[in-house]
Amino acid sequence: VQLQASGGGLVQAGDSLRLTCAASGGTFSSYVMGWFRQAPGRERQFVAATSWNGASTIYDNSVKGRFTISRDNAKNTVYLQMISLKADDTAVYYCAARRGVVPPRNGYDYWGQGTQVTVSS
């Protein structure tokens, strides 16, 4: 499966942003989907993940209550809605996929190219 992330940009602290990840080349509903981020000089960090049908989601504690992951299997797309953005959310955001049912925090096999999110304080 190929993944294409988009929707990043430069926003101010407190603003909202929605990232989109479009998948192609596979049976989208066969994959659990995740979002990760990597800030300069830091390791890539798990952000959120969703099960194959969106019924189960998990989040890193740093984004819980502010970020929402969702998916539309009819559109082969997964979203990350981000509200109340903080400067610490500044990073390159990646979507990822792996076959399975229950969304994990690691072990993803397929990765998108990343989209930059910059939050100014």
Side-chain angles (χ1 to χ4, degrees):
V1 62
Q2 292 79 46
L3 305 173
Q4 180 78 29
S6 61
L10 172 63
V11 297
Q12 294 186 337
D15 283 352
S16 301
L17 204 58
R18 188 177 79 160
L19 305 183
T20 299
C21 176
S24 61
T27 303
F28 186 62
S29 58
S30 299
Y31 298 92
V32 295
M33 299 297 297
W35 285 98
F36 292 75
R37 65 186 181 186
Q38 187 167 22
R42 302 184 67 178
E43 293 185 354
R44 189 153 54 188
Q45 173 195 15
F46 169 80
V47 174
T50 178
S51 60
W52 72 275
N53 61 355
S56 176
T57 56
I58 57 173
Y59 297 92
D60 183 78
N61 285 339
S62 64
V63 306
K64 197 173 294 184
R66 299 188 299 121
F67 291 11
T68 302
I69 188 171
S70 62
R71 66 189 294 162
D72 185 339
N73 286 350
K75 296 182 178 180
N76 290 354
T77 302
V78 63
Y79 306 98
L80 185 68
Q81 179 68 51
M82 307 183 291
I83 66 171
S84 302
L85 283 162
K86 308 174 182 178
D88 285 347
D89 295 319
T90 295
V92 177
Y93 283 71
Y94 300 88
C95 58
R98 61 166 288 171
R99 293 186 185 277
V101 176
V102 177
R105 296 175 183 268
N106 49 39
Y108 287 78
D109 301 309
Y110 305 95
W111 294 85
Q113 86 291 359
T115 184
Q116 175 71 46
V117 173
T118 303
V119 184
S120 63
S121 57

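Only heavy atoms go into these numbers, but all of them, side chains included; no hydrogens, no water, no symmetry mates.
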N/O donor-acceptor pairs under 3.5 Å from side chains in residues 31-44, not counting sequence neighbours:
| residue | atom | partner | partner atom | Å |
| --- | --- | --- | --- | --- |
| Y31 | OH | R99 | NH2 | 3.2 |
| W35 | NE1 | Y79 | O | 3.4 |
| R37 | NE | Q45 | OE1 | 2.9 |
| R37 | NH1 | D89 | OD1 | 2.9 |
| R37 | NH1 | Y93 | OH | 2.9 |
| R37 | NH2 | S62 | OG | 3.3 |
| Q38 | NE2 | R42 | O | 3.0 |

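- Here the shortest heavy-atom pairing between R98 and P104 reads CD-CG, 3.4 Å.
- In this structure, OG1 on T115 lies 8.0 Å from CG on L17, to the nearest 0.5 angstrom.
- The ring-ring contact (aromatic ring centres under 6.0 Å, His included) contacts involving residues 48-76 comprise nothing, where partners must be two or more places apart or lie in separate chains.
- Between S29 and N73, the closest heavy-atom pair is CB-ND2, 3.7 Å.
- Rounding to the nearest 0.5 angstrom, the gap separating the CG atom in L85 from the OG atom in S120 is 10.5 Å.
- The closest side-chain heavy-atom distance from T50 to P103 is not below 4.5 Å.
- When all heavy atoms of D60 and F46 are compared, the pair lying nearest together is CB-O, 3.4 Å.
- Taking CG of D15 as the start and OG of S84 as the end, the distance is 9.5 Å to the nearest 0.5 Å.
- Here the straight-line distance linking atom CZ of R71 with atom SG of C21 works out to 10.0 Å at 0.5 Å rounding.
- Linking ILVMFWY residues whenever their side-chain heavy atoms come closer than 4.5 Å, directly or via other members, leaves L19 and Y108 in distinct clusters.
- With a 4.5 Å cut-off on side-chain heavy atoms, V78 and I69 count as touching.
- Considering all non-hydrogen atoms of both residues, V47 and V63 come closest at O-CG2, 3.6 Å.
- Heavy atoms only, all atoms of each residue included: G8 and V117 are closest at CA-CG2, 4.1 Å.
- Counting heavy atoms from C-beta outward, V11 and M82 have side chains that stay 4.5 Å or more apart.
- To the nearest 0.5 Å, atom OG of residue S6 and atom CD of residue Q113 are 8.0 Å apart.
- Summarising the geometry of A97 relative to V1, their closest heavy-atom pair is CB-CG1, 4.2 Å, with the distance given to 0.1 Å.
- Rounded to the nearest 0.5 angstrom, K86 NZ and S121 OG are separated by 13.0 Å.
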